[in-house]
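Written out below as structure tokens is the structure these notes cover.
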Amino acid sequence: MTDATGTTETAAPDTAAASAPDRSGLYLVDGSGFIFRAFHALPMMTRPDGTPVNAVMGFSNMLLKLLADIKAEAVAVVFDSKRLNFRNEFYPDYKAHRPPPPEELVPQFALIREATEAFCLPCLELEGYEADDLIATYARLARDAGRAVTIVSSDKDLMQLVGPGIGMFDPMKNKAIGPDEVFEKFGVAPDKVVDVQALAGDSVDNVPGVPGIGVKTAAQLITEYGDLEGLLSNADKIKQPARRQKLIEFAEQARISRRLVLLDAFAPPPRPLEDLRVREPDHQKLIGFLKAQGFRSIVARVEMEMQRDGRIADGSASSGAASSGSAPGGAAPSPAAPSPTGDTAEAPAARTHALSDVEKRYELVQDLAALRVWIDRARTTGILAVDTETDSLTPATATLVGVSLATEPGLACYIPLAHGAGAAAAGQLDFDAPPPPAQIPVAEVMAALKGVLEDPAILKIGHNFKFDHQLFARNGVAVSPIDDSMLISYALEGGAHGHGMDELAELHLAYTPIPFKEICGTGKSQITFDKVPLDKALAYAAEDADITLRLWTLLKPRLVEARMVTVYETLDRPLVPVVADMERAGVRLDREALARLSQDLAVRLVEVEKDVHRHAGQSFNIGSPKQLGEVLFDVMKLGTGKKGKTGAYSTDSGVLEDLAEQGHVIAQRVLDWRQLAKLKSTYTDALQQKIEKDTGRVHTAFSLAATNTGRLSSTDPNLQNIPVRTEEGRKIRRAFVAAPGNKLLSIDYSQIELRLVAEMADIKALKDAFRDGLDIHAATAAQVFGVPLDQMTSDIRRKAKAINFGIIYGISGFGLSRQLGITPGEANTFIKAYLERFHELKVWMEATKAFARQHGYVVTLFGRRCYMPGIQDKNAARRSFAERQAINAPIQGTAADIMKRAMIRVPGALAAAGSNARMLLQVHDELLFEVPEAEAEQAAALVRGVMEGAAQLGVPLVAEAGIGDNWEEAH
DNA sequence: ATTGTCACG
DNA sequence: GACGTACGTGACAATG
């Protein structure tokens with residue numbers, strides 16, 4: 001991750017470095033780290049008033065020496081925030097049993113901040129982050145601006161940052177720390193330090209690591225296997241039995257440990273890098289402070305230096321520059337004096353602006369020189385919002401029409417790539433039409449952007465980045481690292497509202513973006529984006545990147561406040577490249593088989609239609625519920641219809657099945673017709689249309705922010721509802737086939753939701769049954785109805801199965817009675833027996849509903865919030881509905897979380913094993929793969945392992961695999 | 001654009 | 001005592 005700068009061939013004359021040669025160093029002083037070390041290293045001393053000041057003294061000495069020795073143009077002192085930081089969110093014990101600081105140290109915290117201000121140096125701190133994270137963030141920013149960085153600290157946790165352009169300096173031992181010193185300490189290069197720490201752990205910070213593994217062993221293992229994931233996925237190959245066992249058992253703990261020690265170099269900077277410039281110290285103020293502490297020897301040194309340099313202490317840092325640190329008496333920054341440089345304590349609302357408040361500076365980029373300016377801007381800010389425009393909504397095959405970028409709010413550009421000649425739409429030759437506009441060839445733009453888009457030190461931000469990620473991947477660019485403002489919003493407020501850009505812009509920025517319709521029209525006259533004139537394209541596309549950046553700026557910090565960083569960073573964000581690859585892979589369909597099925601269905605539909613009309617004695621549209629109801633209930637007088645709230649007759653399958661049972665043949669024939677019509681229109685006809693010419697495959701789109709529970713959904717076409725329950729339907733499944741030489745591999749979780757009920761409600765009897773590997777429905781039947789397993793009947797088992805499902809849905813006597821065809825009274829008796837046998841369940845359900853009422857949301861096992869607005873509704877029906885949702889959402893949502901964890905780990909596990917299997921589809925508890933025939937069994941075992949190991953619970957997770965030439969066979 | 005229906009987990 | 005119900009999705013055809 002080090003050769004980020006200057007790798008692109010096109011970057012020959014580095015204009016940023018040439019014209020603004022700001023190569024002077026930035027010094028980042030680890031204030032929090034220093035104070036502890038100085039306190040323990042230096043003998044106790046006190047001020048005349050008795051205040052202990054030994055650490056303050058050490059700190060002042062250190063700063064003075066630093067400022068005298070170095071030629072830094074910028075210095076900042078960084079502190080921990082007082083409150084908990086984001087690490088406590090996923091590991092509450094982080095730095096937990098640290099004793100409170102010694103009594104003599106406490107008053108020195110504030111004095112050290114005062115000292116920093118007396119030296120006219122900026123103090124940096126940020127709620128939710130440690131000093132180390134801010135140091136990592138500013139080190140990244142400065143290095144990318146081409147400036148040398150020195151971290152003044154001896155903390156080993158910062159050693160991971162050492163590399164080209166970034167060094168450390170130990171102020172206590174007075175010696176530099178470079179890659180050699182890091183290797184000496186950890187036995188690996190700086191970029192592998194976190195992997196070693198993840199294994200070795202750290203008792204001081206309460207980082208658990210893997211028991212029995214110290215730094216030495218860790219270094220040896222990491223050297224052999226490359227990195228932590230490489231080691232963990234090959235743990236079974238370790239020779240020493242005890243070590244192998246520990247690595248397998250504590251794999252998850254090692255992963256958590258790595259996240260604990262890994263510094264976040266993308267913390268929102270509390271103030272711009274440019275603000276950190278060293279100012280001429282206010283010597284009078286400095287001397288005043290030092291005298292007040294009784295540091296006479298230091299005062300003497302300062303005065304000597306002033307004389308030597310011939311400086312006169314007269315507040316030379318005049319006007320604006322002095323304003324932030326010049327409060328008399330060294331008091332804490334006065335809130336009454338608004339500082340133009342901006343304090344860290346600024347209200348969140350002030351961080352953003354209504355779109356209309358800021359001048360929009362949007363630029364059309366039509367040559368490489370202009371593009372390079374934007375690339376330089378991205379390197380300076382380390383942050384780049386990106387949006388792509390295409391001629392279609394299927395990113396697997398769409399043509400890239402343009403790219404927009406934004407580097408700061410209001411500052412955005414659009415790079416047209418494939419815009420045609422203005423109004424010459426319809427593809428007709430028009431010799432009077434204007435020629436195509438000036439555009440940089442796509443290949444050149446990609447070559448120029450690749451370095452930035454793949455630079456680990458530049459964060460790329462998108463809204464629904466999965467789409468853009470796919471387009472760049474098709475152009476040979478693997479965008480990383482990324483943030484997605486849509487997914488941030490989803491993690492924050494899933495279920496509370498939608499997360500599309502337009503909706504979020506209204507909600508958070510009080511701004512209505514230019515509607516797509518206004519640019520491209522609608523319906524038959526709609527044009528593709530490549531036909532849009534450049535001025536309009538610029539206004540629309542640049543605005544998208546601009547809004548994305550503004551939303552990110554506003555929403556990213558809220559993740560920390562809401563303690564939702566872990567959900568976002570471990571469940572949602574990493575899914576973006578994984579799902580992008582799935583969509584891009586697509587799935588092969590047998591078009592001829594579908595066509596034959598369509599033909600067959602068409603013939604049979606005509607037959608059944610005739611039959612229905614014959615029974616009815618008249619011709620009508622069976623597909624019209626209105627006409628059908630009138631025929632059945634008004635004309636034929638079959639029972640008494642009328643049900644729906646709109647006054648219309650209900651003709652759904654339940655009603656028709658009742659009629660069929662009463663012997664009305666027409667009802668069964670309508671049901672047959674409905675089934676055939678559904679299969680034809682939704683599947684056999686539609687799926688043929690969805691086969692992409694370019695790839696010969698179908699590419700669904702998975703929505704990552706559509707559901708209330710954290711599940712994915714699939715659209716255009718929906719491949720999560722392909723028929724399977726009836727024989728007719730399974731014929732459609734057989735049209736989903738593997739490419740030649742390949743097999744389809746389907747692996748699904750067995751009973752995952754019921755297992756999670758047992759886990760989350762902590763139901764002992766149910767957990768035992770799962771641990772014993774019993775037939776869970778038979779086992780619950782035995783326990784609830786008191787029937788011995790050897791006397792179990794299929795009917796009793798069926799009833800228990802229905803109750804088990806009902807629990808997951810937030811059971812009601814009415815619902816269960818309808819499902820089982822029994823009276824609500826009987827159903828209630830069953831439920832009562834169930835809740836008595838599994839008494840923990842009732843406790844959990846009541847607690848969950850109470851939580852929902854109190855907070856307006858429920859949480860999954862992994863911390864995802866599912867908002868349910870109806871929970872306080874005055875209407876009893878709506879409230880009951882929300883209560884059932886409150887029961888269901890944590891169960892369904894936790895299952896979704898676990899599936900996401902598995903999906904995120906699958907590609908790495910496959911790659912590590914050298915497998916060529918490709919993940920194609922997810923259907924909530926099932927994953928579908930396409931895999932070379934010879935590798936199928938191996939891939940099945942591997943993926944099963946990943947899925948079963950995706951969470952460590954009190955109940956086992958079980959996944960079952962099937963292999964076949966088509967999806968029906970594999971399932 | 002909304003409603004009814006039905007495919008899936 | 002009365003609400004009207006199993007939870008979560010998306011697509012299609014009819015209809016306003």
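The sequence lines fix the lettering, A, B, ..., with proteins before strands; numbering per chain opens at 1. Keep in mind it's a predicted model, so treat the numbers as computed, not measured.
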Round to a whole Å and report the spacing from [atom1] of [X] to [atom2] of [N].
X: A/Leu671; N: B/dA7; atom1: CG; atom2: C1'; result: 15 Å
X: A/Gln922; N: C/dG10; atom1: CD; atom2: P; result: 13 Å
X: A/Asn721; N: B/dC6; atom1: CG; atom2: P; result: 14 Å
X: A/Gln627; N: B/dT3; atom1: CD; atom2: C1'; result: 15 Å

Report task. For the pair A/Phe830 and A/Phe785, name the ring-plane relationship: parallel under 30°, tilted 30 to 60°, perpendicular over 60°. Result -> perpendicular

Query raised in the report: When the ring planes of A/Tyr490 and A/His499 are compared, do they come out parallel, tilted or perpendicular, using 30° and 60° as the limits?
Result: perpendicular

Report task. Answer with base, sugar-phosphate or nothing: what part of the nucleic acid does A/Thr707 contact at a heavy-atom distance below 4.0 Å? Result ->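 Sugar-phosphate only.
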
Requested in this report: Would you mind pulling out the nucleotide paired to B/dG4, Watson-Crick or G-U wobble, both distances under 3.5 Å?
Outcome: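 Pairing partner: C/dC12.
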
Report task. Report the base-pairing partner of C/dA2 (Watson-Crick or G-U wobble, both distances below 3.5 angstrom), or none. Result -> none

Below 4.0 Å: OP1/OP2 of [N] and any side-chain N or O of [X]:
X: A/Arg818; N: C/dT5; answer: no
X: A/Asn621; N: C/dA14; answer: yes
X: A/Arg674; N: B/dC6; answer: yes

Query raised in the report: Side-chain donor or acceptor of A/Ser812 under 3.5 Å from a matching atom on the base of C/dT5?
Result: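 Yes, a donor-acceptor pair under 3.5 Å.
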
**Report entry** Heavy-atom donor-acceptor pair, A/Arg878 side-chain to C/dG4 base, under 3.5 Å
**Finding:**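 Answer is no: no donor-acceptor pair is held.
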
Report summary line: Here the residues of residues 675-691 of chain A within 4.0 Å heavy-atom distance, strictly under, of DNA chain B are A/Gln675, A/Lys678, A/Tyr683

